[in-house]
Amino acid sequence: MENKFDMPIGLSFQLGLNEKALSIYAKMDEEEKKQVVEAARNVSSKAEMQQLVTDLEHNFL
């Protein structure tokens, strides 16, 4: 069971598949990470989660 501080499993999985996005996430400050996690909590499909991680990669370079 997730608590409010845990990263959603789908986000964790997708970041694990995308080395660039994972690197970008790791360099974010706590507030930025919180925003990404909150966005991931509102995702309702695998495709949306993949898009969130892809957007992370492209929008933070």
Side-chain angles (χ1 to χ4, degrees):
M1 182 174 156
E2 291 181 302
N3 70 36
K4 65 181 179 176
F5 302 108
D6 288 337
M7 178 185 288
I9 190 74
L11 176 60
S12 179
F13 181 77
Q14 289 301 321
L15 285 173
L17 295 175
N18 186 324
E19 189 175 327
K20 287 181 184 178
L22 179 58
S23 177
I24 290 164
Y25 181 83
K27 294 175 185 174
M28 291 177 156
D29 65 32
E30 290 305 310
E31 185 59 34
E32 291 171 323
K33 287 178 180 178
K34 182 179 174 183
Q35 291 174 3
V36 171
V37 169
E38 276 303 310
R41 291 188 193 286
N42 293 314
V43 165
S44 60
S45 72
K46 178 182 175 181
E48 286 179 32
M49 189 66 77
Q50 288 171 327
Q51 189 60 53
L52 176 71
V53 171
T54 298
D55 290 347
L56 180 69
E57 176 186 357
H58 295 297
N59 293 332
F60 285 90
L61 290 178

Does Gln50 offer a backbone N or O that forms a donor-acceptor pair with the side chain of Thr54 under 3.5 Å? yes
All heavy atoms of Val53 vs all of Gln14, minimum pair found to be CG2-CB, 3.5 Å
State plainly whether one hydrophobic cluster holds both Ile24 and Phe13, where clusters connect Ile, Leu, Val, Met, Phe, Trp and Tyr through side-chain heavy atoms under 4.5 angstrom apart. no
Could you tell me whether the side chains of Glu48 and Ser44 share a donor-acceptor contact shorter than 3.5 Å? yes
Exercise: identify the closest heavy-atom pair between Ala40 and Leu11: CB-CD2, 3.8 Å
With side chain to side chain contact (heavy atoms under 4.5 Å, CB included) as the test, would you mind laying out the steps for Asn18 and Lys20 before giving the verdict? CA-CA 6 Å; Asn18 186 324; Lys20 287 181 184 178; 3.8 Å; yes
Around Lys46, counting heavy atoms of other residues, nucleotides and ligands shown, do more than 12 lie under 6.0 Å from its NZ? no
In this structure, NZ of Lys33 is separated from CE of Met7 (nearest 0.5 Å) by 8.0 Å
Smallest heavy-atom separation, Asn42 atom then Glu38 atom, equals ND2-O, 3.1 Å
Please evaluate residues Val37 and Lys34 with respect to the criterion side chain to side chain contact (heavy atoms under 4.5 Å, CB included), reporting the C-alpha separation (whole Å), side-chain torsions for both, the decisive distance (0.1 Å), and the verdict. CA-CA 5 Å; Val37 169; Lys34 182 179 174 183; 5.8 Å; no
Measuring from Glu57:CD to Leu52:CG, what's the distance to the nearest 0.5 Å? 12.0 Å
Out of curiosity, Leu17 CG to Met49 CE, how far, rounded to the nearest 0.5 Å? 12.0 Å
